[in-house]
Amino acid sequence: MRKRKLIRETSSFRDPSGFVFYLGNTIYRQVNISYKNDYLYFKNSGLYKKLVVEKLLIPFREVSDFKYENSEAFVILKTENIPFISYPYEWCFEQLKDAALCTLQIQRLCLEASVSLKDASAFNIQFLKGRPIMIDILSFERYKEGSPWVAYLQFCQQFLGPLLLMSKVDSRLGTLSGIYLDGIPLDFTSRLLPKYTFLNFPILAHIHLHSHNQTKYGRNPSQVRLKRKALTKNMLLGIIDNLENLIQSIKYSDDPTEWGKYSNMMNYTKAAFENKKKIVKSYLVRQKPKNVWDLGANTGEFSRIAASLGIATISLDSDHSAVNNNYLQVKQNGEMNILPLLMDLANPTTDLGWAHKERKSLLSRGPSDLAMALALVHHLCISKNIPFSMIASYLAKICKSLIIEFVPKEDSKVQILLRSRKDIFPWYNQETFEVEFSKYFRIVKRNPIGNNSLRIVYLMERKK
Amino acid sequence: MYLTVFLLFSFLFILPDSTYAYLDPGTGSYITQLMIGFIAGGLYLLKVYWQKIVSIFRILFRKPRMTDEKKKTNKRN
């Protein structure tokens, strides 16, 4: 019997079927007695095994070495750890699309086994080894013939709506998911979508008609008399099939953005670039971090150096096209150590949800063993007016060691940033950079990338 | 296209009212599933049966594969 303190996951309070808790770094899930019958049916029906074999659901096993703190507990489950929890508003278009298809595939297999998803929240999907996977074991309930899919509205609000808005209007609308944590309201999606989408049957049905019915019948449901068992399983399978076809047909509107093809717009020679790669690799080999956060990763060129060394790497960038390209590479090459995510370092994800505790900020998901900030500091300093001291103090909070590149004012990229504005950065030089960073970090190594470039790469360790 | 026109006529001319604070999220969603389900369920059945028909025709009209023994006999000939 263990006596260490159990810590309950702050976001796990909505579902009366159970909750998630931690013991050290291990994740457990309590199944409550109220969920007993659904749990046993799901576990013994063969569906669980099928979903695990298909890599759609995180595997679990029952453990018996806990003293239950309350009488509600039926069983405790232990699941595999997710190295980094990410949220739908941090995913690019293709990630959200794959997560949506994963959810629909699960619901289809569920219906075939007379089970149904009672919850289709995008927060129940995480990315593990490059693939989306369902992590909520308590989302399954026995299907009753004639009953609707209770999570249909949630699916449309959390997956379909954001995907359509990103595809048909603007990819930046994906960030709306960070404002509407329960999903973008359908009437809002319906209003934002172009009028021509009324001529597309699936969009008309799942968004516009759905939104209309929400308003019309939601206001006065007592006037509606529903015929029991009118909705057959075949009709539900038809809806799932229709949603799958629609989502598969939605394409990312590939506007060529500034960073989408970053590696093609470098201002230094291939030799300097190769040398920079060599320096970064040697630092990573020296530090042997368990995980790396690549800040301003673009399409993940340098993240792949860390990933190739077997290091779990989070590849963060604020440009949607770059993150999308990065994820497509992960998919294409079957890369298991890279997780590309959308993140604006000047406005990183904050604590969100009920009491600011449901969804975690970037800061509280750290610190990382090592962060890479390559070709980033000049953007933060000159485009965002953030002084060295503030960058150094923030980076010291999110990483234990740091690989950072200093791009001097003479560099053509810095000159471009300064071209149309007054140079109010007399402090932007190598000496001040080192002085300010030395307040938080110990400079371990310093290597110019050479080959006619004045850029310098540093390896630093956080001061204790 | 006909399905789209049908759905458009079924509701488009009734403009949605303003949003209310107390909304039942289930009923509208259920009715939508019923409306879509009739069409999507029918299409799904057609798709499943069509796949079955295609597979039967494939079995009936596929070229007979030569077994290894036949190949050997042919070579001898």
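Each chain gets a letter, A, B and so on, in the order its sequence line appears, and its residues count up from 1.
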Taking atom NZ of A/Lys50 as the centre, report whether more than 12 heavy atoms of other residues, nucleotides or ligands fall under 6.0 Å from it.
no

CZ/A/Arg142: more than 12 non-hydrogen atoms of other groups inside 6.0 Å:
no

Could you pull out the closest heavy-atom pair between B/Gly37 and A/Met235, with the gap in Å?
O-CG, 3.4 Å

Any chance you could measure A/His212, atom NE2, to B/Ile31, atom CD1, to the nearest 0.5 Å?
10.0 Å

Could you list the donor-acceptor pairs under 3.5 angstrom formed between side-chain atoms of residues 236-243 of chain A and any protein atom two or more places apart in sequence or on another chain?
from     : atom 1 : to       : atom 2 : distance (Å)
A/Asp241 : OD1    : B/Lys47  : NZ     : 2.7
A/Asp241 : OD2    : B/Lys47  : NZ     : 3.1
A/Asn242 : OD1    : A/His206 : NE2    : 2.9

Under 3.5 Å: donor-acceptor pair, side chain of A/Gln214, backbone of B/Ser29:
yes

If we only count heavy atoms from C-beta on, is the B/Thr32 to A/Tyr152 side-chain gap below 4.5 Å?
yes

Spatial distance of atom CG (A/Asn234) from atom CZ (B/Phe38) [nearest 0.5 Å]
11.5 Å

A/Lys55 NZ: over 12 foreign heavy atoms closer than 6.0 Å:
no

Does a side-chain heavy-atom distance below 4.5 Å link A/His210 with B/Ile36?
no

